[in-house]
Amino acid sequence: MLGGSPVHMMWSNMYNPDRPTVTRRVELRRILALFRPYTAQESLVLVCILFGALLGLLPPLFTMWLIDRAIPAHDMHAVGIDVGGMVASAVIAAAIGVYQGYLNSLVGEGIMRDIRTSLVNHLHRMPLSFFTETKTGEIMNRVSSDVDNVDSVVTGTLVSIVTNVFTMVTTVVTIFILDWRLALVALAIIPLMILPLAPVGRRMYGIRKRTREKRDEIESITQETLSISGITLIKSFVRESFERARFYAVGTDLMKLEIRLAMVGRWFMAAIFAMIVIGPAIVWMFGSWLVIHGGLTIGAIVAFVAYLGRLYTPASALAGVQVQIVSAFAVFERIFNYLDMPPETEKPDAMVLGSVRGEITFDDVHFSYSPDRSALDGVSFRVQPGQMAAFVGPSGAGKTTITQLVPRFYDPQSGAVRIDGIDVRDVTLASLRENVGIVTQETYLFHDTIEANLRYARPDADPAEVVAAARAANIHDFIATLPAGYATIVGERGHKLSGGERQRLAIARVLLKNPRILILDEATSALDSANEAAIQAALVPLTEGRTSLVIAHRLSTILDADVIFVVEHGRIVESGAHEELLRSDGAYARLYWKQFRDRAAVEAVGT
Ligand code: ATP
């Protein structure tokens, strides 16, 4: 029965895309924690920035001494020292810059690796419901480009903020020492540069956010249409021009957003750049007056103007600092949103399920994928260790759902699934899944060699075991005919092999895993008779000595099952052995005779 508080609790654990994302303020502490492993490098970066800022102050001073002292005194030795000083400070600053660049990369790339790893690790622990509800492209974008943005925040935004602050502070102190009156004039210009930027920054932030959403969309379309299944669909329905138009439309949206982003505040920017030129002109004006009236040397005013660049450029960069920080937070927020999604849960005191006998019990199991529609409506059954249980019934009846509750791909809202009498929610997920092997109709293979795909089940299997599994699955002889044998690359998702070959590889893979419980979901549908026979032969060693739950649309494949459950509308309506069910002349008998007649009709047409 659905409803009631425990059910509600179960629901709150499932991923729900419609649930509004709680946009919490990302805590600064959480961001800083990411930097913790790199404290030493970050401190060195600060030291480099400080030294860089101090060294940058020297060339104008040498210029001043050159103009005011060395040249008037006709002292070539002093000229040499001043010019040498300029060159040396530039060379040392450049060398420090290179080292700082290295440290920046180290920290930026390190943090990216850490975030990407924890993101992928977290995604691995997300429930299946998350993956059925979320577009693959969005997930990919989160793991790739969002994390890339972290790099620009760490090595770009943060470093430039600190550098600009250091440069400004050191410069302000120096110009006040040089001449406080000119310094006040120079500083008075800064607010004129900064104030107009605030609204521009806010607009930029909004557009950036929409740009990122558009990129998610583009990534999703690319993922869906350029996968092997997607492209097959496009080609077979001749939808290339539709897809091109769709892609063009989204691409155009992105283009417009990017142009707006590039153009927003361009006039303000132009004004600021003008101020960077106008500022020194004002200082020259006032400075010249001071020189003429004897209050300042020519060298000092030249040095002063040289310092203005170190004042205005950082000031204009810092004008948008608030936006930069908010944007940086937004980058982390998108990542933290993912990291905060509730993963598959285990009880804190979950025990390790050792090697099981393989008894499977369903006890009044109710389950629904969404609150308004129930998929299983009070399913109860028991399969003895080593038995083969078959599930038959119309499409959408709930057969696959039943099998998916065994390895806890989903949890029932009420009732219990037990293995050897132990509730599957009381054991660790890893130990539970170690005991369960699954072969589905849609076989997934990695774009790798046959051997690597087989070894995925057990990387330490010795070569003889790999071959033995392939032999047992009736695929070894085929592999032997391939020029590269076990080193043959299977292609994207195994599409260089036939459906039947893929399926037999999947069976060999599960044989290598050697689980006590086996789930076979429609393993023999959509195959020709020869292939079906080959797979039937492969299934014999697979089901031997294991508890197996088999879903088959072709009843011919499950005639030997110890027990057959007929599933209709999320309930088990009949159960028993084949002969027994035929005799009782119920739902199973109707299903059987219908298939028998259909098959006979097909064979009659074929002859
Ligand atoms: P078939 O023989 O066609 O594979 P089945 O008996 O295995 O069907 P299930 O796949 O268990 O049926 O599906 C049972 C019901 O649950 C169906 O109505 C289906 O639409 C629904 N369903 C299956 N998977 C999901 C999902 N991820 N989210 C929401 N509903 C789902």
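Both ligands and their constituent atoms are indexed starting at 1 by order of listing.
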field: Part of Y410 with heavy atoms under 4.0 Å of ligand 1, whether side chain, backbone, both or neither
entry: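 The answer is the side chain of Y410.
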
By number and element, which atoms of ligand 1 are closer than 4.0 Å to a non-hydrogen atom of [X]?
X: T401; value: 9 (P), 11 (O), 13 (O), 14 (C)
X: R373; value: 18 (O), 20 (O)
X: G398; value: 5 (P), 6 (O), 9 (P), 11 (O), 12 (O), 14 (C)

- prompt: Nearest non-hydrogen atom to atom 7 (O) of ligand 1 belongs to which of L128, T132, T400?
  reply: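 Nearest heavy atom to atom 7 (O) of ligand 1 lies in T400.
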
task: Compare F409, F391, Y369 and give the one whose heavy atom is closest to atom 31 (C) of ligand 1.
output: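 The residue whose heavy atom sits nearest atom 31 (C) of ligand 1 is Y369.
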
statement: Hits for side chain to side chain contact (heavy atoms under 4.5 Å, CB included) against D562, two or more places apart or cross-chain, chain-then-number order -> Q387, M388

- prompt: With a 4.0 Å cut-off on heavy atoms, does S370 reach ligand 1?
  reply: no

message: Using modelled atom types and a 3.5 Å cut-off, is there a donor and acceptor pairing between side-chain atoms of R458 and backbone atoms of L512?
response: yes

query: Is a side-chain N or O of E451 found less than 3.5 angstrom from the main chain of Y486, in a donor-acceptor match?
result: no

- prompt: ring-ring contact (aromatic ring centres under 6.0 Å, His included) between F565 and Y588: does it pass, once the steps are laid out?
  reply: CA-CA 9 Å; F565 297 108; Y588 179 78; over 10 Å; no

query: More than 12 foreign heavy atoms under 6.0 Å from CZ of R571: is that the case here?
result: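 No - once you tally the heavy atoms of other residues, nucleotides and ligands closer than 6.0 Å, there are 12 at most.
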
query: So, T400 and D521: side-chain donor and acceptor under 3.5 Å apart, yes or no?
result: yes

- prompt: Is there at least one pair of N or O atoms, one from G396 and one from ligand 1, spaced under 3.5 Å apart?
  reply: yes

